[in-house]
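Here is the structure we will look at, set down as structure tokens.
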2 protein chains.
Amino acid sequence: MTTLTPAATADRTGVSLDTLRYYEREGLIGPIRRTAGGRRQYTEDDVFWIGLVTCFREAGLGIADLRGFVAMLRAEHSVQDRVAFLRERRTVLEERVEALRRAIKVLDEKIDYYGGA
Amino acid sequence: MTTLTPAATADRTGVSLDTLRYYEREGLIGPIRRTAGGRRQYTEDDVFWIGLVTCFREAGLGIADLRGFVAMLRAEHSVQDRVAFLRERRTVLEERVEALRRAIKVLDEKIDYYGGA
DNA sequence: CTCGGATCTGGAGCGCGCTCCAGGTCAAGG
DNA sequence: CCTTGACCTGGAGCGCGCTCCAGATCCGAG
């Protein structure tokens, strides 16, 4: 199976080396496989998961939220628990969209006031 | 003209006393009128503006952005500059909405995977 | 006039999410 | 071999947005 070096992974994902290590320390990704010498080897699956983490980070979820997400995947949770967790996060994000819509509306009003020119 | 005490203003706006003072120090609001003794007297206009600031903060704009907003209102800027600034902020917020939509989509897919139960 | 609660100021402290650094290790090319 | 550059670890540092604190001042009720 092909693996990626840290540098290649940073390149592919747009996440810095430091941040990749930080996410791993925080339990958001990995643990990442190592070579005999201790260097990290990222798999395609790792890259995919890093993409998910990035997606949620860009949406403004915190590190603790993401840790919750990882925890949810561990088998000790029922399907109901998982869906409840997912719906809860969804609600938080929807509320954030509403906050943005309100702010955009204010901006649009101001722009209109200036004649939209 | 009726004015509000700091406590009443915090109450009305949902912004803490410390944060009101902080916003004023940072130039996001005010300067707020004072009594002879130095106590702040918030007007209805102040309260309204605090509402706007809160709206933008909830949308995730930073303190520096808000300061830019205040600067924009000062007369040295042309209508074109102002509208350009407003449109720019609007674009930033729209991008944020898109990031949220992407994350919500991921959540929906997971929820579907669990059968939406 | 006195008391006490609200308010004042300046500055320290905090949680988050990185980011940077020192000092050392690994491994491919010459 | 030896060099060189990517990588390792642990920990310090940083910018943001508050939040908290001490010590002083104000002012309405009694």
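Just so it is clear: chains get the letters A, B, ... in the order the sequence lines come, proteins before strands, and each one is counted from 1. All values reported here derive from a predicted model rather than from experimental measurement.
Between A/R90 and A/E94, at least one side-chain nitrogen of the basic residue sits less than 4.0 Å from a carboxylate oxygen of the acidic one, meeting the salt-bridge criterion. At a threshold of 4.0 Å, the pair A/E44-A/R12 counts as salt-bridged, since one of the basic side-chain nitrogens sits closer than that to a carboxylate oxygen. Salt-bridge annotation for B/K105 and B/D108: absent, with no side-chain N of the basic residue lying under 4.0 Å from a carboxylate O of the acidic one.
You'll find the side chain of B/D46 reaches within 4.5 Å of the side chain of B/T43, heavy atoms only. Within the 4.5 Å cutoff, the side chain of B/V79 has no heavy atoms near those of the B/R82 side chain. The closest side-chain heavy-atom distance from A/R40 to A/R33 is not below 4.5 Å. Here the side chains of A/F69 and A/L86 are in contact, with some heavy-atom distance below 4.5 Å. Under the 4.5 Å side-chain criterion, counting only non-hydrogen atoms from C-beta, B/I104 is in contact with A/V97. Looking at B/L73 and B/W49, their side chains come closer than 4.5 Å, going by heavy atoms from C-beta outward. Annotation: side chain of B/Q41 is not in contact with side chain of B/R34 (no heavy-atom distance under 4.5 Å).
Rounded to an integer number of Å, the gap from CG of B/D18 to P of C/dG10 is 14 Å.
Near-neighbour residues of DNA chain D inside residues 62-73 of chain B, defined by a heavy atom below 4.0 Å, number-ordered: B/G62, B/I63. Contact check of residues 50-61 of chain B against DNA chain D (heavy atom, cut-off under 4.0 Å) returns B/R57. Looking at residues 24-46 of chain B, you'll see B/T35, B/G37, B/R39 sit with a heavy atom under 4.0 Å from some atom of DNA chain D.
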Cut-off 3.5 Å, no hydrogens considered: what does the side-chain donor-acceptor table look like for residues 50-60 of chain B, sequence neighbours left out?
residue: B/T54; atom: OG1; partner: B/I50; partner atom: O; Å: 2.8
residue: B/R57; atom: NH1; partner: B/L61; partner atom: O; Å: 2.4

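Here chain A contacts DNA chain D (any atom closer than 4.0 Å to a heavy atom, that is under 4.0 Å), and the contacts span D/dA6 to D/dT9 from 5' to 3'.
With sequence neighbours left out, B/E95 forms a salt bridge (charged side-chain N to carboxylate O under 4.0 Å, His left out) with no residue at all.
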